[in-house]
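Keep in mind that the numbers below use all heavy atoms, side chains included, and drop hydrogens, waters and symmetry copies. Here is the naming used below: chain letters follow the sequence lines, and residue numbers restart at 1 for every chain.
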Number of protein chains: 2
Amino acid sequence: MVRWEPGAAGRLREAAMELYVERGFEQTTVAEIAQRAGVTARTFFRHFADKREVLFAGSEDLAGALMRAIVEAPAGAGPMAVVAAALDVGGGLLGQDRERSRHRQLIIRANPELQERELIKLARLGDRLAEGLRARGIAPREAVLAAEAGILVLRVAFESWVSGTDQGDLRVIMAETLAALRTVTA
Amino acid sequence: MVRWEPGAAGRLREAAMELYVERGFEQTTVAEIAQRAGVTARTFFRHFADKREVLFAGSEDLAGALMRAIVEAPAGAGPMAVVAAALDVGGGLLGQDRERSRHRQLIIRANPELQERELIKLARLGDRLAEGLRARGIAPREAVLAAEAGILVLRVAFESWVSGTDQGDLRVIMAETLAALRTVTA
DNA sequence: GATGTGATGTCACTTGATGACATGAACCGT
DNA sequence: ACGGTTCATGTCATCAAGTGACATCACATC
């Protein structure tokens with residue numbers, strides 16, 4: 001949600017997004033991205049670990065916000081209540097510009113390698129959430145299950161929101177999805 | 001669970017497993033795998049799409065078994081009952097030799113690229129399960145959530161079983177994990 | 001003005017992955 | 001037995017991702 005004009009990292013992000021849309025992820029070469037950003041390919045790899053990572057720059061912000069929400073949740077809240085609070089915060093963060101999200105998601109959906117990267121980001125996020133829950137004194141197994149259930153809701157709700165089948169506020173959709181998960185598993 | 005002596009594909013699988021253990025995934029070159037299997041690197045890529053895929057050869061068997069279980073589940077069963085039936089079949093299949101599973105899992109855990117591949121395999125499996133549930137007349141959203149919940153249980157239970165913290169039958173652990181998920185989300 | 005620090009460029013190299021073509025063995029119908 | 005087809009593999013060439021080593025330039029600090 002931050003604007004990026006000056007640094008090479010920001011220009012590389014922009015260039016990559018544009019090229020991935022114009023000719024697709026696989027058909028885009030790192031050299032091309034670098035050239036459009038006015039730097040060398042070598043410099044690209046100084047800013048991003050690999051060709052996929054350039055699309056996942058903001059993920060640390062989300063993780064930080066969710067972790068903060070977990071820490072700040074009211075004392076004594078049960079696992080799923082804590083997770084629900086975190087999801088609400090996450091929905092507020094992710095649910096800002098739907099067009100950009102849809103854009104990005106189209107790129108990712110079109111390429112398995114990018115899906116892999118997204119999945120592992122979510123898995124790592126789940127690990128951190130579980131750790132946050134354990135830090136609140138929640139038993140390991142419950143922590144893992146609640147965290148993973150939260151990631152599941154986040155994923156499904158986001159997908160629904162970004163696909164436009166569901167027009168409302170992402171936070172609302174997340175709450176509905178969580179309720180639906182409760183109903184289905186019950 | 002099938003034995004593989006003769007074909008090049010089987011020899012490549014064996015060679016890859018050995019080398020990934022001996023020196024790690026990244027440190028192993030496709031040329032080395034091919035050499036140990038008595039073929040060329042080019043031939044490796046004729047049998048496996050990439051260097052990771054060689055570790056995920058059996059995944060189609062699992063998917064097939066789960067899908068069959070979904071089709072054959074008693075008529076009128078609710079989403080989670082169908083998923084539970086599939087998980088029971090899956091537990092029976094996966095829970096056979098724990099040593100080999102532990103072995104494989106150690107390799108995967110040690111390398112992010114392999115984790116990515118495993119995650120996308122599970123995601124695809126989830127997609128197929130959801131489709132199977134929809135084919136039974138279950139509403140799309142419930143189908144997706146039940147399928148994804150099933151994958152979640154499969155993943156967590158398998159992890160627990162293979163880590164040895166839980167000694168019993170994988171099918172039992174799956175059932176317990178499912179019950180725990182119900183409790184947590186309730 | 002010297003010196004150090006950080007970001008970038010240049011060069012060389014390894015490795016994963018793919019396309020094009022050749023070869024050789026097994027198989028099949030006559 | 002023969003000629004032809006098919007399939008698996010080898011060979012060669014090539015591209016692109018990624019990394020290490022070293023040079024360079026700008027800028028800040030003393």
Peer 1: Taking atom P of dC15(D) as reference, at what distance in whole Å does atom CD of Glu26(A) sit?
Peer 2: 18 Å
Peer 1: Strictly below 4.0 Å, N to O, side chains only: are Glu18(A) and Arg13(A) in salt-bridge contact?
Peer 2: no
Peer 1: In whole angstrom, what separates Arg46(B)'s CZ from dG19(C)'s C1'?
Peer 2: 10 Å
Peer 1: From CD1 of Ile33(B) over to P of dA17(C), roughly how many Å is that when rounded to an integer?
Peer 2: 10 Å
Peer 1: Looking at His47(B), I'd like to know whether one of its side-chain N or O atoms comes within less than 4.0 Å of OP1 or OP2 on dT9(D).
Peer 2: yes
Peer 1: Whole angstrom is fine here: how far is it from CG in Asn111(B) over to C1' in dG16(C)?
Peer 2: 14 Å
Peer 1: How many Å lie between CD on Gln27(A) and P on dT18(C), as a whole number?
Peer 2: 12 Å
Peer 1: Just checking, is any N or O donor in the side chain of Gln27(A) or Glu32(A) under 3.5 Å from an acceptor N or O on the other one?
Peer 2: no
Peer 1: Using a cut-off of 4.0 Å on non-hydrogen atoms, how would the nucleic acid contact of Thr43(B) be classed: base, sugar-phosphate, or nothing?
Peer 2: sugar-phosphate
Peer 1: What is the distance, to the nearest angstrom, from the CD atom on Glu53(A) to the P atom on dG18(D)?
Peer 2: 11 Å
Peer 1: Answer yes or no: is there an ion pair linking Glu148(B) with Arg155(A), defined by an N-O contact shorter than 4.0 Å?
Peer 2: yes
Peer 1: Pick the nucleotide of DNA chain D nearest each of Asp50(A) and Gly38(B); which residue has the one closer to the 5' end?
Peer 2: Gly38(B)
Peer 1: With a 4.5 Å heavy-atom cut-off, do Leu133(A) and Glu142(A) have their side chains touching?
Peer 2: no
Peer 1: What does Ala41(B) touch in the nucleic acid at a heavy-atom separation under 4.0 angstrom: a base, only the sugar-phosphate, or nothing?
Peer 2: nothing
Peer 1: Would one find a side-chain N or O of Thr29(B) under 4.0 angstrom from OP1 or OP2 of dG16(C)?
Peer 2: yes
Peer 1: Ignoring hydrogens and angles, answer whether the base of dG19(C) and the side-chain atoms of Arg42(B) contain a donor-acceptor pair closer than 3.5 Å.
Peer 2: yes
Peer 1: What closest approach, in Å, do Leu12(A) and Val54(A) show between heavy atoms, and which atom pair accounts for it?
Peer 2: O-CG2, 4.1 Å
Peer 1: Rounded to whole Å, please give me the gap between CG in Leu114(B) and P in dG16(C).
Peer 2: 13 Å
Peer 1: Closest to the Phe45(A) side chain: dG9(C), dT19(D), dT9(D)?
Peer 2: dT19(D)
Peer 1: Can you tell me how far P of dA17(D) sits from CZ of Phe44(A), to the nearest Å?
Peer 2: 9 Å
